[in-house]
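Note that these values count all heavy atoms, side chains included, but never hydrogens, waters or copies made by symmetry. Atoms within each ligand, like the ligands themselves, are counted from 1 in listed order.
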Amino acid sequence: MAAAGSAVGLGNIWGFPNQVASNGGAAFLLVYILCCFTVGYPVMVAELAIGRNTKKNPVGAFKALSPGNTIAPLIGMWGVLCGVMIMAFYIVLAGWTFGFIFEQSAGLIGMSDLKGQLSDLSNGHKNAFFSSLFIVLTVWIVSRGVSSGIERAAKTMMPALILLLVFMIGFIISQKGATEGLLLYLRPDLSKINSTLIVSALGQAFFSLSLGMGALITYGSYMDRRQNIPRAAALVTLADLSIAFLAGLLIIPAMYVAQANQVQILDDQGSLISSTGLVFSVLPSLFDSLGWLGTIFGILFFVLLSIAALTSTISLLEVPASYLIDEWGLSRRKAAVGAGTCVGVISIFVAYRPETIGLMVNVFNDFGLPLGGLLICLFLGFFWTSKSALTEIESGRPGSRDGIYGRVWSVCVRYICPTLILVVLCHKFGILAV
Ligand code: TRP
């Protein structure tokens, strides 16, 4: 449940629809689903197996599996760096989400001036304030340990989020203009598949499933030997994919409904406008158009989304924190405060310059996470060996090592995932003209 809580977050509700909008609709959805199953799932199993076997943070885990080797722990260090940088912008988005609870509430009690100020995404002071609140909350929870509280929060948050999304989808698709959005989202136009789309889909899959930086190595280290890793990873992947799918089913038609109400949603080339603030402008205007009932739904929605974001920021901070605890010998409290302060300083910069978010996504998500995933696969497949990993998996799922599952998974981790990731990364740098 904690891993599912880590996976489900703003990546599903903010990132995914935004990517669908900028990459031509259903074609992106199709490639994204393929990326989740062919690359995401095997990498998730790999991370969980490494974590559970070593019972260590990402840096310590690579050290433990390759004693004396000075290069392998760098994979973990890269993960820690990506974690800090991703969290620095994630927290600003989480601050927006948090702020919208108050924005909707201000609307409910008729304070329209305050509502206007709270919906301004470029207001640096406001961004810094809400991001800081969110960091303090995350640090407080992480300093108390990855506890059953997180699992309980994830357990209630996810079904509630699904229910609310389904209700809102039901409403939106009965509105004028929605059909056009539905078609764009569900009827793939394969000519839209190009290299940019594939790079984005892979980056989004890594981000949404929380892969490539050792978050799931850390969570795996808290797992019991009897737990079934393949099954847990499958459930997390499916839960994450379902919530992203529902979010797209809501946001894309909602954009066309907004268009029917004279809001401009297409650019000069006729493509959907997408931007960092997309979801944060479409959803509030959707809630506003529904009167006071919409506002109540708005508050509920942003509360749930804040909880989803919180269970994700916890996993992001847990990586540098567990590194500081294990490798530097700090107490959990000091580690959480130290890592949180470091993230906080960078995020203040992002809060005042939200336009930098796009660049950070580009470097640390679309490049950093797949690179981390590639190194994890290669390390596991050829250094630690997939046989050893399968022996670890075997303890919670008998029959994995010698059965068909083990064989297929080994081929994926050793050959298929690295090749796909490498091709995509090379292409990102224009080295290969695929
Ligand atoms: N998966 C989360 C989301 O979709 C974000 C996240 C949490 C993450 N932990 C992570 C992304 C670790 C990459 C790595 O919102």
Peer 1: Determine whether a donor-acceptor pair (N or O, by modelled atom type, separation under 3.5 Å) exists between the side chain of Asn12 and the backbone of Asp240.
Peer 2: yes

Peer 1: Kindly say whether the aromatic ring centers of Phe102 and Phe130 come within a distance under 6.0 Å.
Peer 2: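 So the answer is yes for these two rings.
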
Peer 1: Identify, chain by chain and in numerical order, each protein residue with a heavy atom under 4.0 Å from an atom of ligand 1.
Peer 2: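 Residue list for ligand 1: Ser6, Ala7, Gly9, Leu10, Gly11, Asn12, Tyr90, Phe207, Ser208, Ser210, Met213, Ala215, Ser312, Ser315, Leu316, Leu369.
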
Peer 1: Can you see whether Glu327 engages Asn57 through a side-chain donor-acceptor pair at a distance of less than 3.5 angstrom?
Peer 2: yes

Peer 1: Going by the rule side chain to side chain donor-acceptor pair (under 3.5 Å), which residues pair with Thr313 if we only count those two or more places apart in sequence or in a different chain?
Peer 2: Thr138

Peer 1: Any side-chain donor-acceptor pair under 3.5 Å between Arg397 and Ser400?
Peer 2: yes

Peer 1: Decide if the gap between the ring center of Phe129 and the ring center of Phe98 is smaller than 6.0 angstrom.
Peer 2: no

